[in-house]
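Single-structure report; data block below.
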Amino acid sequence: MTIAARLLPWFDSHGRHDLPWQHPRTPYRVWLSEIMLQQTQVSTVTGYFDRFVTALPDLPALAAAPLDDVLALWSGLGYYARARNLHAAAKACVERHGGELPRDIDALVALPGIGRSTAAAILSQAWGDRHAILDGNVKRVLARYHGIEGWPGTPAVERKLWLLAESHTADSTLPDARLPDYTQAQMDLGATLCTRANPTCLLCPLRDDCVAHREGRTAELPTPRPGRTLPQREAQVLWLEDANGRILLQQRPPAGIWASLWTLPQFEDADTARDWLQKNTRTDSTTATTLPAIAHAFSHYKLTLHPHRWHGIALRDRIGDNESLRWVARNELTKLGIPAPIRRLLDS
DNA sequence: AATGCGGGGAC
DNA sequence: GTCCCAGCATT
């Protein structure tokens, strides 16, 4: 029996049919959900999704919104390039595609933030077009089902998996009308049964034909990523408040970590922070409180933040040579894109 | 082909 | 603590 033949009946009774983007399942909502779900789990996304579509219910609304609004709606979700690309893609659709997402794989991939798998997921779910997806779930399912060796992050292994995914999607017994369900079913299987740790093979519709299950190797496949030790970095952050309780925020550079987001002024070491403070503020009659350090992990390094809080700060008249500093009232913080650990700190 | 890019859930 | 998640863009 084919994968689709086993998967579809399982999906009908055990798949997820109540995800927010399934009702209604419009191209815009499918697209937004796919972008939010890149490297992000469903449980994390649902709250952000509802808030986002309430604020920006369709593609033209997204295209017309200021980027700052989009980043504020994204604040805390991570990988902020997704939000910038989403916004840019919406604008491109208004200019080039009449305000709608194109129903074409190449036109979709040409949009920023949409790669091969995301384009396929949009086309198959929104329109029922026959395209294979290859996300983390499908990679894990196929690596086990076929007993594919090697870390799926390597191009050679990924090539293999794409070919397998395409051959299963080409199944002639898989009706056109069921492409949205087949696509969803693959992800549901990976997310609910064929999980990374402790998969529930007992309930799996594919287990009779699964190489990893047959050979007792589900714990070894897919091959894990080679280990890395993450470098450790430190930074000082200044939490400055003026006499009115407003907080001084600084917009980060357009590239790099937390690009274009608003954070507390951040420095590599205490000396640099002190110099900046003396040059740009009048701190004569104030004293600092040093707050507990904050540990934060990125995918490629660890960062320890050392916050220092000052009250009653006034800036000197001539302040630096850029426009990236802004006094922000506490109740205005929700309107800005602020990294999660900084927002947590300010809310504490 | 390798690296940069967040935040949190699961263990 | 570690690992990795509905990946893509850049180099």
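First the proteins, then the strands, lettered A, B, ... as listed; each starts at 1. Predicted model, so just to flag it, every value in this text is computed and none were measured.
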Query - Separation of atom CG in A/Leu37 from atom P in B/dG6, rounded to whole Å - result: 18 Å

Query - Close side-chain approach of A/Thr192 and A/Thr200, heavy atoms under 4.5 Å - result: no

Query raised in the report: Over how many whole Å does the gap from A/Leu161 atom CG to C/dG7 atom C1' extend?
Result: 15 Å

Query raised in the report: Which whole number of Å gives the distance between the P atom of B/dA10 and that of C/dA6?
Result: 11 Å

Requested in this report: Anything under 30° is parallel, anything over 60° is perpendicular, the rest tilted; go ahead and classify A/Tyr28 against A/Trp31.
Outcome: perpendicular

Requested in this report: Classify the angle between the aromatic ring planes of A/Tyr145 and A/His168 as parallel (below 30°), tilted (30 to 60°) or perpendicular (above 60°).
Outcome: perpendicular

Report task. May I ask you to say what A/Ile35 touches in the nucleic acid, namely base, sugar-phosphate or nothing, with a heavy-atom cut-off under 4.0 Å? Result -> nothing

Report task. Look at all strands and tell whether A/Trp74 reaches a base, only sugar-phosphate, or nothing, counting heavy atoms closer than 4.0 Å. Result -> nothing

Report task. Test side-chain contact (heavy atoms from CB on, under 4.5 Å) on A/Thr2 and A/Leu174 and set out the steps. Result -> CA-CA 9 Å; A/Thr2 65; A/Leu174 166 57; over 6 Å; no

Report task. Would you check, one step at a time, whether the test side chain to side chain donor-acceptor pair (under 3.5 Å) holds for A/Glu34 with A/Gln125? Result -> CA-CA 10 Å; A/Glu34 287 300 326; A/Gln125 294 192 88; 2.9 Å; yes

Requested in this report: Could you tell me the separation between the CZ atom of A/Arg82 and the P atom of C/dC8, rounded to a whole number of Å?
Outcome: 11 Å

Query - Within residues 133-152 of chain A: residues closer than 4.0 Å to DNA chain C (heavy atoms) - result: A/Asp135, A/Gly136, A/Asn137, A/Arg140

Report task. Figure out the CG/P separation between A/Asn85 and C/dT10, and round it to whole Å. Result -> 7 Å

Query - Length of the line joining A/Arg343:CZ and B/dG7:C1', which is rounded to integer Å - result: 13 Å

Report task. Can you tell me which residue pairs pass the salt bridge (Lys or Arg N to Asp or Glu O under 4.0 Å) test with a partner in residues 86-113 of chain A, sequence neighbours excluded? Result -> A/Arg103-A/Asp129

Query - Between A/Thr304 and A/Gln232: side-chain donor-acceptor atoms closer than 3.5 Å - result: yes

Requested in this report: Take atom P in B/dG6 and the same atom in C/dT10, then report the distance between them in whole Å.
Outcome: 14 Å

Query raised in the report: Side chains of A/Gln38 and A/Thr118: donor-acceptor distance under 3.5 Å anywhere?
Result: yes

Query raised in the report: Looking at residues 253-267 of chain A, who's got a heavy atom less than 4.0 Å off DNA chain B?
Result: A/Gly256, A/Ile257, A/Trp258

Query raised in the report: Between residues 177-189 of chain A and DNA chain B, which residues have a heavy-atom gap below 4.0 Å?
Result: none

**Report entry** N or O in side chain of A/His300 less than 4.0 angstrom from B/dG4 OP1/OP2
**Finding:** no

Query raised in the report: Counting just side-chain N and O atoms, does A/Tyr79 come under 4.0 Å of either OP1 or OP2 of C/dC5?
Result: no

Query raised in the report: For residues A/Thr272 and A/Asp269, is any side-chain donor paired with an opposing acceptor at under 3.5 Å?
Result: yes

Report task. Determine whether the side chains of A/Trp276 and A/Gln278 contain a donor N or O and an acceptor N or O closer than 3.5 Å. Result -> no

Enumerate donor-acceptor pairs with a distance under 3.5 Å from any side-chain N or O in residues 335-348 of chain A to protein atoms, sequence neighbours excluded.
| unit_1 | atom_1 | unit_2 | atom_2 | d |
| --- | --- | --- | --- | --- |
| A/Lys335 | NZ | A/Glu332 | OE2 | 3.4 |
| A/Arg343 | NE | A/Ser75 | OG | 3.4 |
| A/Arg343 | NH1 | A/Leu333 | O | 3.3 |
| A/Arg343 | NH2 | A/Ser75 | OG | 2.8 |
| A/Arg343 | NH2 | A/Leu336 | O | 2.8 |
| A/Ser348 | OG | A/Leu345 | O | 2.5 |

**Report entry** Donor-acceptor side-chain pairing of A/Thr290 and A/His308 below 3.5 angstrom
**Finding:** yes

Contacts under 3.5 Å, N or O only, protein and nucleotides 8-11 of chain B:
| unit_1 | atom_1 | unit_2 | atom_2 | d |
| --- | --- | --- | --- | --- |
| B/dG8 | OP2 | A/Arg344 | NH1 | 3.1 |
| B/dG9 | O4' | A/Gln41 | OE1 | 3.2 |

Requested in this report: Indicate, with a heavy-atom threshold strictly under 4.0 Å, whether A/Leu111 touches base, sugar-phosphate, or nothing.
Outcome: sugar-phosphate

Requested in this report: Select from A/Arg16 and A/Ile114 the residue whose nearest nucleotide in DNA chain C is closer to the 5' end of that strand.
Outcome: A/Arg16

Query raised in the report: Atom CZ of A/Arg25 to atom P of C/dA6: distance rounded to whole Å?
Result: 19 Å

Report task. Please report, rounded to the nearest Å, how far the C1' atom of C/dC5 is from the CD atom of A/Glu34. Result -> 13 Å

Query raised in the report: For residues A/Arg82 and A/Thr40, is any side-chain donor paired with an opposing acceptor at under 3.5 Å?
Result: yes

Query raised in the report: Starting at the 5' end of DNA chain B, which residue's closest nucleotide do you reach first, A/Gln38 or A/Thr154?
Result: A/Thr154

Query raised in the report: Does A/Lys302 put a side-chain nitrogen or oxygen below 4.0 Å from OP1 or OP2 of C/dT2?
Result: yes

Query raised in the report: Can A/Leu248 be reached from A/Ile313 by stepping across I, L, V, M, F, W or Y side chains whose heavy atoms are under 4.5 Å apart?
Result: yes

Report task. Please determine, by modelled atom types, if A/Gln236 and A/Glu268 share a side-chain donor-acceptor pair under 3.5 angstrom. Result -> no

Query raised in the report: How long is the line joining OH of A/Tyr301 and P of B/dG6, in whole Å?
Result: 8 Å

Report task. Select base, sugar-phosphate, or nothing to describe what A/Thr118 touches, counting heavy atoms under 4.0 Å on all strands. Result -> sugar-phosphate

